[in-house]
Structures are given as C-alpha cells and as structure tokens.
Undergrad: 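The following block contains the structure, expressed as structure tokens.
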Amino acid sequence: MSNAVEQSEVLSSSELVSVLKAAAEPTRLRILVLLRSGELNVKDLMQILKQSQPRLSRHLKLLHEAGLVERFREGSWVYFRLSEEARFEDLASRLTGAVDPSDSLISRDRERLNALKQDREKSAQTYFEAHAGEWDRIRALHVAETDVEAAMLKALKGVTLDVLIDLGTGTGRTLELFADRYERAVGFDVNQSMLAYARAKISQAGLDKAQVRHGDIYNLGLPTEEADAVVMHQVMHFLSDAAGALAEAGRILKPGGHLLMVDFAPHQVEFLRDAHAHERLGFSTGQIAEWMRGSGLELTKTVELAPADAGTDRLTVMLWLATKPVVTHENNATENLAIENKEFLEGI
Ligand SMILES: C[S@@+](CC[C@H](N)C(=O)[O-])C[C@H]1O[C@@H](n2cnc3c(N)ncnc32)[C@H](O)[C@@H]1O
C-alpha cells in the first residue's frame, strides 16, 4: 500500500480525538446510528428523537465539524448523511456497529424511523390513488415525452433486454415503450389504482410478453440476478429510501445487466413536495453514482434533458445508466486469495 493511500485512510490524533468526543454523547450516538439507514433532515430527527430543533442543530453541527456527518441543502431543507470520506465512514461504521441494536433507546428510534418512512410512502400512495387517471399527462409536464422516451431507447440500444423489470411501473408506459425488445417483462407497483391502468394498457396494446405485479421496490421477491435490465422512470423522488431501492435493483440484475434510472436534476421547486408528493427535489449525479457504487453498480452514462422553456417550474430530466460489472476469473482469483488468507490467519 502506498503512503498516499495510507494517509487518506487514517486520521491525525487530533482529528481522532474530535471524532470520538463528537460521538461520545448519547443523542449524537443515536443520530449516527439513525443515519446508517440513510439521509435524514432535522425535521425527521425532531420527530424521532423528540428533541427541539436548536438542540439537534447543535448536535449536528458538532458531528459535521468533526467530519462524521455531511450536510447538503435540497430546496429549503437541509439533509444529513454519514460522511462518505473513507476514513470517517469506516470509523462511523465501526462505532455504530458496536451499538447493541436491541438497546431500548436504539430500537425505539428504529421503530420511529420506520413509522416515519411508512407515513411518507402512504402520502405518496394517497397521491397516486387520486391521480392515477391523469398520470400519463403529469409525466410529460417537464420535458416532452417523445424526447425522454427517445433518450431511453437510445440509452438501452444494443444491450440485451430479454428480461426487463420496470420498478414503479405506474400506468405501464415503459412496458409499452420497450415491447419489441424483451422476451419477458414485469412491471412492479405498490399502487393498485396505477396497476389497474397498467393492466388495461397492456391488454389494449396486446403486450402478451408483459405482466404487472403488485410488489414493493424494496423487497421484490425475485431471485437474485434475474434481470437483463431494470428501469426506474420517475420513481426515485417519491421514495423514502432511495439507496434501499437501488440495492434491490442491483441484487436482481444479472452481471453485465443494466439499470436505467430517469429522474429530475436537483431543483428548488418546493411546492412539488406538497402538491405532487415529491419526497426529494431531484438528485445530483454525484449522489446517484455513490448509491450505485454502494449497490455494486457502475454509472456508465449520464444524459441531461433540459426543458424547452427554462425559467418556469419545468424541471431538467436526467437519465443515469449503470451496469453491474461481470466478475472475471481474475477478480475471483483475487477474492479467493483474500478468503484463503483470512482463513489461514484465523487458523493461527
Ligand atoms: C411517478 S410514478 C411513475 C410511473 C412510471 N414509471 C412512469 O414513468 O410513468 C411512480 C410510481 O412508483 C410507485 N411506487 C412508489 N413507491 C413504490 C414502492 N415502494 N414499490 C413499488 N412501487 C412504488 C407509485 O405507486 C407510482 O405508480
């Protein structure tokens, strides 16, 4: 290992002391444990920890200054996540990993976090129940549908699409768009009203290789490495756990398979949260790349489609294409060697 790599992975003694001091306080430790499950904003933390905003802001400031936590703004909300810098990430994961998950405070926090996420998903589902009939109009509000769909077809041109999985299929338009490319396609959605429209569309269009299923993006119940391609079109910004959804997409993809995600670039159109149940105000390519890496995927292509009349509330649509790397013989050999070394050392 080179000196440069070693340097980037360790902390100076003063940094380590400030990290340990920052973590050595009950509320701050609970915040770190909560952030292991994904990004949260102060409002979320207030609801879970039942503490005032000024108090939590002080704790978050200390964690941020120590390097354990990163902050980023999205519209008028500020989100926090565990640092993605290797040396802080490693330490945060060791510290939080040492906490007993059955500890009463920790398990209560986890229950409150799960309840919060379920509430969010419920309000998105109420929205879709009310708007299922007009979704095909809403989906084209920002960039012309023809442009987005042409870019989607181009992104997946020439790649194997025998088994296509469409996550959050809604009214099933993606199944129709790629109909002449797949041998079998399944669209998953949790919303029965949306699925009713998708079923009607599939039957009217005579798509006999496509079907839709009631299912949850976070737990699809599909075998591992089942899909040649997974598509998520305008789904991520409704989810309370985007990283969890990507992990499940990565799991069901075959090695060499592709994930095509279509969603919005970061924006400030705050009213979309209330009026259209948007959980997130778009995503940066850096954030998407990081989540993809965490799910064993590599971001290979980014396409930006700006709205024709910028300056209004119309948003830029992004396409992110990722592949699941094929594990080569050489990679395997290195992994096997690492396992053998570990077993050898454990045997000593
Ligand atoms: C904005 S619509 C997009 C529909 C379709 N992909 C399209 O582009 O027309 C998002 C869809 O994701 C679905 N959805 C949200 N959360 C989900 C989850 N946890 N599991 C499955 N589907 C979900 C919603 O019910 C909704 O139909």
Side-chain angles (χ1 to χ4, degrees), residues 37-38 114 116-153 155-156 164-179 185-202 205 207 210-222 227 229-249 251-252 259-264 269 272-273 275-283 305 315 317-320:
S37 310
N114 290 340
L116 187 100
K117 285 185 176 174
Q118 273 165 18
D119 271 2
R120 297 255 183 75
E121 308 264 335
K122 237 185 261 162
S123 45
Q125 289 316 312
T126 309
Y127 169 82
F128 285 115
E129 261 148 44
H131 293 87
E134 19 161 15
W135 173 248
D136 283 349
R137 181 186 64 78
I138 296 172
R139 78 198 287 281
L141 278 181
H142 300 283
V143 172
E145 186 148 299
T146 42
D147 293 349
V148 177
E149 294 188 346
M152 289 171 75
L153 288 169
L156 290 177
L164 174 76
I165 303 294
D166 183 29
L167 300 183
T169 197
T171 52
R173 173 62 191 149
T174 297
L175 303 175
E176 195 176 28
L177 181 67
F178 288 97
V186 187
F188 283 87
D189 208 290
V190 272
N191 192 291
Q192 296 286 12
S193 308
M194 295 296 258
L195 285 173
Y197 280 92
R199 286 197 180 97
K201 182 175 284 172
I202 285 175
L207 307 181
Q211 53 165 283
V212 291
R213 276 190 215 165
H214 185 246
D216 189 350
I217 277 174
Y218 304 115
N219 185 11
L220 293 163
L222 285 178
V230 174
V231 176
M232 287 179 84
H233 178 272
Q234 301 296 10
V235 179
M236 286 284 275
H237 62 261
F238 292 102
L239 300 180
S240 60
D241 181 8
L246 277 183
E248 182 66 345
R251 183 188 70 76
I252 62 163
L259 167 67
L260 177 61
M261 253 188 65
V262 185
D263 218 291
F264 296 122
V269 188
L272 290 174
R273 290 197 208 267
H276 291 275
H278 287 211
E279 171 70 23
R280 305 299 301 263
L281 301 186
F283 303 96
L305 300 172
L315 308 177
V317 171
M318 300 294 298
L319 277 81
W320 293 283

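As the structure lists them, so they are numbered: ligands from 1, and atoms in each ligand from 1. On a predicted model such as this, the values are computed, not experimentally measured, just so you know. Starting from 1, each residue takes its place in the sequence as its number.
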Undergrad: Show me which atoms of ligand 1 lie under 4.0 Å from any heavy atom of Met194.
TA: 27 (O)

Undergrad: Which of the numbered atoms in ligand 1 are below 4.0 angstrom from a heavy atom of Phe238?
TA: 1 (C)

Undergrad: Just to be sure I'm reading this right: ignoring hydrogens, which of Asp216, Asp263, Thr171 gets closest to atom 19 (N) of ligand 1? Compare them by their nearest heavy atoms.
TA: Asp216

Undergrad: Can you sort out which atoms of ligand 1 are near Gly215, meaning under 4.0 Å from one of its heavy atoms?
TA: 20 (N), 21 (C)

Undergrad: So Leu207 and Glu176, do their side chains get closer than 4.5 Å, heavy atoms only?
TA: yes

Undergrad: Has the side chain of His131 got a donor or acceptor atom that lies under 3.5 Å from a matching backbone atom of Tyr127?
TA: yes

Undergrad: Minimum heavy-atom separation for Asp147 to Leu305, with atom names?
TA: O-CD1, 4.0 Å

Undergrad: Could you list the atoms of ligand 1 found under 4.0 angstrom from a heavy atom of Gly170?
TA: 4 (C), 27 (O)

Undergrad: Aromatic rings His278 and His237: how do their planes relate, parallel, tilted or perpendicular, breaks at 30° and 60°?
TA: tilted

Undergrad: Can you name the closest pair of heavy atoms from Asp189 and Gly170 and give their distance?
TA: OD2-N, 2.8 Å

Undergrad: Which residues pass the ring pair (Phe, Tyr, Trp, His ring centres under 6.0 Å) test with Phe283, not counting sequence neighbours?
TA: Trp291

Undergrad: Any heavy atom of Thr169 closer to ligand 1 than 4.0 angstrom?
TA: yes

Undergrad: Under 4.0 Å, heavy-atom basis, I'd like to know which part of Met232 is in contact with ligand 1: side chain, backbone, both or neither.
TA: neither

Undergrad: Taking both backbone and side-chain atoms of Asp166, is any N or O found less than 3.5 Å from an N or O belonging to ligand 1?
TA: no

Undergrad: Short question: side chain of Arg251, backbone of Leu222 - any donor-acceptor pair under 3.5 Å?
TA: yes

Undergrad: Run the side-chain hydrogen bond (donor to acceptor under 3.5 Å, both in side chains) test against Gln211 and tell me which residues pass, sequence neighbours left out.
TA: Arg213

Undergrad: Which option wins on minimum heavy-atom distance to atom 23 (C) of ligand 1: Val190, Leu177, Leu239?
TA: Val190

Undergrad: So between Leu167, Asp189, Asn191, Leu195, whose heavy atom ends up nearest atom 24 (C) of ligand 1?
TA: Asp189

Undergrad: Regarding atom 6 (N) of ligand 1: of the candidates Ala198, Gly168, Gly172, which has the closest heavy atom?
TA: Gly168

Undergrad: Could you tell me, atom by atom, which parts of ligand 1 come under 4.0 Å of a heavy atom of Gln234?
TA: 1 (C), 2 (S), 3 (C), 10 (C)

